[in-house]
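Single-structure report; data block below.
Both ligands and their constituent atoms are indexed starting at 1 by order of listing.
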Amino acid sequence: MSSEIENHNDLNPSSNAPFSTVLARQLSRRRIMQGGLGMAAATMFAGFGLPGAVRAAMTQTGTQAPLTLGFKAISGSTTDAVVVPPGYRAQVLAPWGTSLSSAGRQWSPDMVLTPEYQAGAMGMHHDGMYHFPLNDADASRDFLLAVNHEYIDQGALWAPRNGPTNNASGARPADEVRTEINAHGVGVVRIRQNDNGHWQVVQDDRHNKRYTSQSPMILTGPVRGTDHVRTAWSPDGTRVRGTNNNCASGYTPWGTYLTCEENWPEVFINRGELSADQKRLGFPTDRGRYGWETATGGKEGEFERFDNTPTADSATGDYRNEARAFGYVVEIDPYNPESAGHKRTALGRFRHEGCWPGRVVEGQPLTFYTGHDSRNEYIYKFVSRKRWQAADANRPGETYDRHAIGDSYLNDGTLYVARFDDDGRGQWLPLTPESSIPGGGPEGAGTLGEVFGDLAGIIINTCDAADLLGATPMDRPEWGTVDPATGEVYMSLTNNSKRTAQGTEASYTEKGTDIDQMGVGYATAPVNAPNPRPDNEYGQVLRWKDDADSPTRFQWEVFLFGSAANEDPRVNRSGLTADNQFASPDGLWFDQRDSAGHGILWIQTDNGLDKGRGNAVAEATNDQVLAVVPSAMGSGNAGESLKRFAVGPNDCEVTGIFATPDRTALFINIQHPGNWPAMNSDDATVAADGAVRPRAATVVIQRDDGGPVGV
Ligand code: FEO
Ligand code: CA
Ligand code: CA
């Protein structure tokens with residue numbers, strides 16, 4: 001997202017000294033990294049996964065040709081248009097405000113949106129997304145598209161009124177708030193490719209549905225039915241209204257969509273004393289991000305629920321616990337519009353960026369990787385207790401109880417947090433009541449259970465529990481993706497202005513000394529092995545692989561460092577040039593092309609200029625999509641391996657990515673563009689003629705000759 005709603009403050013109060021204090025190790029790693037991508041790959045990937053040499057050998061003995069990027073890399077761009085390589089085209093699809101039905105009003109640039117219209121139309125600020133086939137034969141031409149609507153641009157939303165009413169002070173009008181609420185959430189819409197290769201929204205399809213920040217949702221897992229989540233609207237703590245600030249996405253092997261709640265704390269307030277979890281996650285104390293709590297005239301606490309200040313004698317008389325039903329991975333069944341979203345509390349509660357399934361193996365537990373996008377926060381994984389049964393796999397297009405299958409895998413299992421050791425090894429630390437606290441916890445507590453009571457208490461306070469176990473503070477974990485052939489996981493660490501130099505001490509805005517005071521702010525953390533650059537302006541992509549014989553151990557390395565091309569080699573460690581410089585990696589997708597583990601890693605950026613980071617990369621190019629073939633990195637350098645594939649229009653972030661199963665269409669999202677798309681064309685590469693009301697949209701990129709994208 002843009003800096004508009006970002007709050008990646010240093011909310012980690014842990015007193016763990018980041019582990020990387022061995023200078024010699026650091027220097028030796030630095031020398032390796034300075035050798036450029038190819039050298040880093042050859043040196044550090046040895047011994048895990050399928051390194052380039054092994055993959056090359058497999059290719060030579062097998063039938064599969066080496067995968068190479070077949071497009072002409074493009075230059076950086078700073079225009080009001082999407083840019084794609086020669087021989088490619090890009091189409092705008094399902095922009096904000098597109099009605100899901102053909103009845104009634106349709107979008108127009110001067111439209112004043114109402115709650116009712118927005119509830120039946122695509123929301124704002126498209127982010128994570130995924131595709132759900134209706135049948136196997138047409139899976140690349142006709143499917144359900146699930147898209148997150150992460151947040152709103154009030155300027156564009158209320159453009160015909162010259163902006164929102166009473167945004168900074170005073171009461172917000174109820175219908176403005178309802179419209180804004182309905183512009184958040186998730187959209188499920190059927191899309192179809194015509195014979196001429198053009199894509200369109202299938203209005204009136206029975207699957208088309210909006211989930212908004214008002215839609216009823218079901219709480220599942222350890223937190224369901226506990227005292228933590230009882231409210232006046234759900235006295236038994238089993239339900240909540242809405243999902244909010246849905247950022248990245250994932251999916252399950254049984255055909256459901258996972259949408260992840262990221263920058264949700266700021267839509268709530270507590271005017272009283274903040275609880276530990278509210279402090280840790282960054283609650284406002286005077287006014288919510290959009291002042292939704294100030295509206296009046298709703299029913300059943302429609303607006304009051306955003307104000308979590310205790311007012312009644314007990315939790316079932318007010319909304320003090322409302323926000324404890326947020327911060328989760330939420331499962332949606334796109335095939336069944338009658339079903340409600342299920343919040344999967346077992347996967348932890350924090351600012352979830354996204355959730356990505358690990359390698360799926362019959363008879364083995366399922367793994368889902370997640371990350372907490374705030375400075376110096378952590379990476380997690382959830383391992384199901386139930387072992388995967390192929391009989392549970394998705395049956396495209398059929399309606400049956402996928403949430404019951406989700407219940408069996410996603411409500412019972414173990415949540416782990418990652419500790420990265422500086423020797424390239426790592427440990428997954430279980431967040432369970434029995435887990436011992438190294439060195440002892442606050443007030444003499446020996447286990448997480450003694451601090452937080454039970455698993456539900458651990459989940460509510462996930463980040464504090466992770467501190468106590470000694471997790472490694474990271475440079476803002478964003479998207480992950482998994483190579484399904486090898487199980488290797490990639491994750492973006494986007495940037496971190498609060499990463500300090502080797503030898504400095506971690507600092508805290510207020511260091512907690514007892515259980516009640518936990519959760520109050522890690523101001524800075526010194527460099528450590530996976531986050532080795534102080535004042536990290538450019539970000540990096542991490543790669544790890546869990547050990548085959550142990551769910552708690554893994555091997556890791558930095559896969560790629562972002563940088564401006566003109567930086568010193570101590571910063572530009574992957575040897576990037578003007579042709580492939582990038583900063584703030586965010587969206588990722590591993591695009592498997594064959595069973596030998598060959599595939600393209602697509603990398604999207606959220607760097608920005610005026611609304612983001614004004615670094616040399618932002619001066620040179622708008623946010624972009626890059627591609628690299630990891631299996632081809634045993635030789636060569638970054639200039640040969642990493643290629644710029646697409647660039648977005650001014651002021652946008654590029655996020656959300658997948659390709660059709662036949663790889664002939666790559667879908668990306670353009671979020672918060674400044675002056676795009678053009679009014680009378682759905683060609684994404686056409687710049688607007690004059691000023692337009694900007695609309696986030698999906699963009700479909702295809703080759704003119706209809707061939708597979710990227711190769
Ligand atoms: Fe919504 Fe961390 O990006
Ligand atoms: Ca993101
Ligand atoms: Ca981002």
Legend entry - Degrees at atom 2 (Fe) of ligand 1 between the OE2 atom of E262 and the OE1 atom of E478, nearest 10°: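 Output for this angle: 160°, rounded to tens.
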Inset, instruction - Measure from atom 2 (Fe) of ligand 1 to each N, O or S atom of D606 and report whether any distance is below 2.8 Å. - result: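 Under 2.8 Å: D606 has no N, O or S contact with atom 2 (Fe) of ligand 1.
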Legend entry - N/O/S from E353 sitting under 2.8 Å away from atom 2 (Fe) of ligand 1: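 Here the distance criterion (N, O or S atom, under 2.8 Å) is met by E353, so yes.
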Does a side chain donor of either [X] or [Y] reach within less than 3.5 Å of an acceptor in the other side chain?
X    : Y    : value
E331 : T256 : yes
N615 : N607 : yes
Q118 : W96  : yes
N622 : T78  : no

Legend entry - Sole residue of H125, H184, H672, H126 in ring-ring contact (aromatic ring centres under 6.0 Å, His included) with H149: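 When ring-ring contact (aromatic ring centres under 6.0 Å, His included) is applied between H149 and each of H125, H184, H672, H126, only H126 qualifies.
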Inset, instruction - Looking at E150, pick out the N, O or S atom nearest to atom 1 (Fe) of ligand 1 and give its name. - result: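 Nearest N/O/S atom of E150: OE2.
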Inset, instruction - To the nearest 10 degrees, could you say what angle the Ca ion (ligand 3) makes with OD2 of D606 and OD2 of D586? - result: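 About 100° at the Ca ion (ligand 3).
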Inset, instruction - State the atom name: nearest N, O or S atom of E478 to the Ca ion (ligand 3). - result: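 That would be atom OE2.
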Inset, instruction - Please find the N/O/S atom of D373 nearest to atom 2 (Fe) of ligand 1 and write down its name. - result: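 Of all N, O or S atoms belonging to D373, OD2 is the one nearest atom 2 (Fe) of ligand 1.
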Legend entry - Pairing of D467 and R280 as salt bridge, 4.0 angstrom limit: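 Here D467 pairs with R280 in a salt bridge, since their nearest N and O are under 4.0 Å apart.
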